[in-house]
Engineer: 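First the structure, which I've put down as structure tokens, then a few questions once you've had a look.
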Amino acid sequence: MKEKKTTEAGWNFDDSYTSLPQTFYRKQMPTPVASPHLVILNGSLAESLGLDTDILQSESGVEVFAGNEPPEGAEPLAQAYAGHQFGHFTMLGDGRAVLLGEQLTPAGERFDIQLKGAGRTAYSRGGDGRAGLGPMLREYIISEAMHALGIPTTRSLAVVTTGEAIIRETEQTGAILTRVASSHLRVGTFQYASKFGSEDDVRALADYAIERHYPEAAGAENPYLQLLNGVIGRQAELVAKWQLAGFIHGVMNTDNMTISGETIDYGPCAFMDTFDPATVFSSIDRQGRYAYGNQPPMTGWNLARFAETLLPLLHDDSEQAVGIAQDAISEFPTLYHAHWLKGMRAKLGLFGEEDGDKVLIEELLGMMHEQKADYTNTFRALTFGREGDSALFSLEAFVQWKKRWQERTGRQPESEEDARRLMKNSNPAVIPRNHRVEEALEAAVERGDLSVLERLLRVLSHPYEHSPEQEEYCAPAPPSERPYRTFCGT
Ligand code: AMP
Ligand code: MG
């Protein structure tokens, strides 16, 4: 590895990805843009990365975010990957993103710094390689909200406008998001290696993933099985957290699922308001493949595609390899369920474990579904004993349920105060509600007014605070004739 020096802004790039075989990437400079302008910078994230926020906001800093002038030491590249999109296998790759480099932080961590919307690459197919301001700010808001909720995710460092228009259904302001990820390795990266590369390529990728994300697997008897188990474990925990928060990803294609266990690729995602397992927001998900209630089984499906790519590494005998993979994958539903149940117990202030807990939780969810109750606010109301006039709370069945819930909490040695604290820390006051996100985006994109977005971000940054400032952000959207729809925005 050649000597790299830290720049004045604090960029300290390494490029371990280029140690992989050449088929995994193409060197690719971002395409310069006409007239970049910084819209938003994530100061606290910048600092944790070892970056100087004053320099980042200066002209030279903005040129980096725009892709006009990669920092010294950067060797930008576009990554190859494939994936199942809505069940259909396709060759994909970074069609509009460029990896600037891997930032080594003062704490000794390594993060991918990626420019999303940085121009065409070898993998762009028919696309223009660009992104719009609305969708990039949307990713910024939701990813930062997810982080604050305690859900593993890629982060957003900055958004710049390019000074160039992009053509979609209408003309949009062009923008670039700087995305920070513990890596951009995807299930689709393994599918690419397996389908288009050699067994050695898959092995090189698996070894790289182990070194970067599962170092403990390296010493195992079967490191590749450990890798598989590691990814299954992290994804089970991740999707449980999505379910508990009411997050709907919207486009859980295998290329949008990471090996690290972080949420990635915020396109048509949104948070559920009224509790209904069939909830779908994405306009392109017509069959409801990625509906709220389908997210756990879809994660399992994606993990099975991952396991398939590892077969030649799992055992020399292909039948035995399939057996090993199937055994590992068959653990997923149990692992998922355990994480979900643990999280649901916390949401209801339940310590310890009782056999009846699952039924108690399911009965509540059943009533919430029937009564079209707001998911987040129902748990908030239970947390603070402020049940208000929602239809759910006046049901006789609910009154009976509440009695059983109180009996259950009454049997635990922990105090009421402990239970309340657990509930406060497990039930967010605020989520990025769709109408609030739209309102912030409209002000920023249509009127150049960022104050609405900044206030929303501030409120979302402490979701478990339950402060008076958050109160007005807790209200569900006013009733609307049309269901909320999200678009890919590509
Ligand atoms: P996504 O739906 O964001 O996961 O993207 C799916 C694929 O389409 C990825 O390979 C992207 O890089 C590619 N893509 C999305 N938008 C564009 C665009 N404007 N130009 C080129 N490629 C794109
Ligand atoms: Mg994607």
Side-chain angles (χ1 to χ4, degrees), residues 24-26 28-31 33 67 76-100 112 114-140 142-143 153-154 156 159 161-162 164-177 179 181 183-193 195-196 248-260 262-270 280-286 289-290 298-299 302 305-306 486-490:
F24 283 101
Y25 62 94
R26 295 278 184 88
Q28 176 70 60
M29 286 304 256
T31 308
V33 300
L77 58 87
Q79 297 180 336
Y81 54 86
H84 277 90
Q85 296 196 301
F86 291 92
H88 302 284
F89 185 80
T90 328
M91 174 61 202
L92 295 159
D94 286 337
R96 57 165 171 172
V98 167
L99 176 68
L100 270 190
D112 277 11
Q114 191 201 61
L115 301 181
K116 185 169 175 180
R120 286 179 52 78
T121 74
Y123 312 108
S124 295
R125 296 170 291 165
D128 61 1
R130 293 299 186 190
L133 179 59
M136 294 306 99
L137 286 177
R138 195 161 193 284
E139 171 154 349
Y140 190 111
I142 312 260
S143 64
T153 177
T154 62
S156 296
V159 173
T161 47
T162 58
E164 297 170 8
I166 62 163
I167 310 297
R168 294 295 180 263
E169 266 126 60
T170 54
E171 211 176 77
Q172 288 186 26
T173 306
I176 297 172
L177 169 78
R179 177 157 80 180
S183 89
H184 283 85
L185 294 176
R186 304 153 190 263
V187 167
T189 319
F190 280 83
Q191 290 182 289
Y192 167 79
K195 176 88 178 174
F196 302 110
I248 302 172
H249 184 283
V251 57
M252 291 174 65
N253 295 330
T254 54
D255 54 300
N256 292 337
M257 180 183 267
T258 59
I259 298 303
S260 67
E262 288 178 345
T263 312
I264 197 171
D265 270 6
Y266 294 88
C269 61
V280 173
F281 291 115
S282 170
S283 58
I284 57 168
D285 189 3
R286 290 192 191 90
R289 179 180 170 92
Y290 300 135
M298 278 299 127
T299 304
N302 289 349
R305 305 289 78 74
F306 176 54
T486 55
F487 302 90
C488 257
T490 47

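In each ligand, atom 1 is the first atom listed, and ligand 1 is the first ligand listed.
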Engineer: Any idea which part of V251 is under 4.0 Å from ligand 1, heavy-atom wise: side chain, backbone, both or neither?
Structural biologist: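 Neither part.
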Engineer: Go through ligand 1 atom by atom and flag the ones less than 4.0 Å from a non-hydrogen atom of D265.
Structural biologist: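 What qualifies from ligand 1 is 4 (O).
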Engineer: With atom 20 (N) of ligand 1 as the reference point, say which of G250, G129, A82, G132 has the nearest heavy atom.
Structural biologist: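 Nearest heavy atom to atom 20 (N) of ligand 1 lies in G129.
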Engineer: How close do A82 and F196 get, heavy atom to heavy atom, and via which atoms?
Structural biologist: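 A82 and F196 have their closest heavy atoms at CB-CE1, 4.3 Å.
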Engineer: At under 4.0 Å between heavy atoms, is it the side chain or the backbone of D128 that contacts ligand 1, or both, or neither?
Structural biologist: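 The answer is both, backbone and side chain.
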Engineer: Nearest heavy atom to atom 9 (C) of ligand 1 wins, so pick from A80, A78, G93.
Structural biologist: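 Selected option, by shortest heavy-atom distance: G93.
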Engineer: Around atom CZ of R289, are there more than 12 heavy atoms from other residues, nucleotides or ligands closer than 6.0 Å?
Structural biologist: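 Yes, CZ of R289 has more than 12 neighbouring heavy atoms, counting only those of other groups under 6.0 Å.
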Engineer: In this structure, which one of R96, R138, R186 forms a salt bridge (charged side-chain N to carboxylate O under 4.0 Å, His left out) with D265?
Structural biologist: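 It is R186, the one option of R96, R138, R186 that forms the salt bridge (charged side-chain N to carboxylate O under 4.0 Å, His left out) with D265.
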Engineer: Out of R125, Q79, M91, R96, who is nearest to atom 7 (C) of ligand 1 when you count heavy atoms only?
Structural biologist: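 Of the listed residues, R125 has the closest heavy atom.
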Engineer: What verdict does the ring-ring contact (aromatic ring centres under 6.0 Å, His included) test give for Y266 and Y140, after you've listed the backbone C-alpha separation in whole Å, the side-chain angles of each residue and the deciding distance to 0.1 Å?
Structural biologist: CA-CA 9 Å; Y266 294 88; Y140 190 111; over 10 Å; no
Engineer: Which of the numbered atoms in ligand 1 are below 4.0 angstrom from a heavy atom of G127?
Structural biologist: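 Within the 4.0 Å cut-off of G127, ligand 1 contributes 20 (N), 21 (C).
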Engineer: Check if K116 has a non-hydrogen atom at a distance under 4.0 Å from any atom of ligand 1.
Structural biologist: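 Heavy atoms of K116 never come under 4.0 Å of ligand 1.
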Engineer: Side chain, backbone, both or neither: which applies to Y81 and ligand 1 if a contact is any heavy-atom pair less than 4.0 Å apart?
Structural biologist: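 For Y81, only side-chain atoms sit under 4.0 Å from ligand 1.
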Engineer: With H184, which residues qualify under ring pair (Phe, Tyr, Trp, His ring centres under 6.0 Å), at least two apart?
Structural biologist: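 Ring pair (Phe, Tyr, Trp, His ring centres under 6.0 Å) check on H184 returns nothing, list empty.
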Engineer: Is the shortest distance from a heavy atom of S124 to ligand 1 less than 4.0 Å?
Structural biologist: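 Yes.
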Engineer: Short list, please: which atoms of ligand 1 are under 4.0 Å from a heavy atom of R168?
Structural biologist: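 With R168 as reference, the close atoms of ligand 1 come out as 19 (N).
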Engineer: Among the N, O or S atoms that D265 has, which is closest to the Mg ion (ligand 2)?
Structural biologist: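 This residue's closest N, O or S atom turns out to be OD2.
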Engineer: Can you list the atoms of ligand 1 that are under 4.0 Å from a heavy atom of N256?
Structural biologist: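 Answer, ordered by atom number: 4 (O).
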Engineer: Side chains of Q79 and T189: any donor to acceptor distance under 3.5 Å?
Structural biologist: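 The answer is no; no qualifying pair exists.
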Engineer: Please could you name the atoms of ligand 1 that R130 approaches to less than 4.0 Å, counting only its heavy atoms?
Structural biologist: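 Every atom of ligand 1 under 4.0 Å from some heavy atom of R130: 19 (N).
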Engineer: Hey, does F190 have a side-chain heavy atom less than 4.5 Å from the side chain of T254?
Structural biologist: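 The answer is no, as the side chains (C-beta and beyond) never meet within the 4.5 Å cut-off.
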Engineer: Is it true that Q85 lies under 4.0 Å from ligand 1, counting heavy atoms only?
Structural biologist: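 Heavy atoms of Q85 do come under 4.0 Å of ligand 1.
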Engineer: Please determine if the Mg ion (ligand 2) has an N/O/S atom from N256 lying under 2.8 Å away.
Structural biologist: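 Yes.
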Engineer: Which of the atoms of ligand 1 are close to D255, meaning less than 4.0 Å from one of its heavy atoms?
Structural biologist: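 Ligand 1 atoms under the 4.0 Å threshold to D255: 4 (O).
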Engineer: Using modelled atom types and a 3.5 Å cut-off, is there a donor and acceptor pairing between side-chain atoms of T486 and backbone atoms of C269?
Structural biologist: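 Not at all, since once roles are kept as given, no pair shorter than 3.5 Å links the two residues.
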Engineer: If I compare all heavy atoms of T31 with all of R120, which pair ends up nearest, and what's the gap?
Structural biologist: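 The answer is OG1-N, 4.1 Å.
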Engineer: Name the orientation class of the two ring planes belonging to Y192 and F24 (parallel below 30°, tilted from 30 to 60°, perpendicular beyond 60°).
Structural biologist: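 Y192 vs F24 ring planes: perpendicular.
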Engineer: Is the shortest side-chain N to carboxylate O distance from R305 to D255 below 4.0 Å?
Structural biologist: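 Looking at D255 together with R305, the answer is no, because their closest N to O distance does not fall below 4.0 Å.
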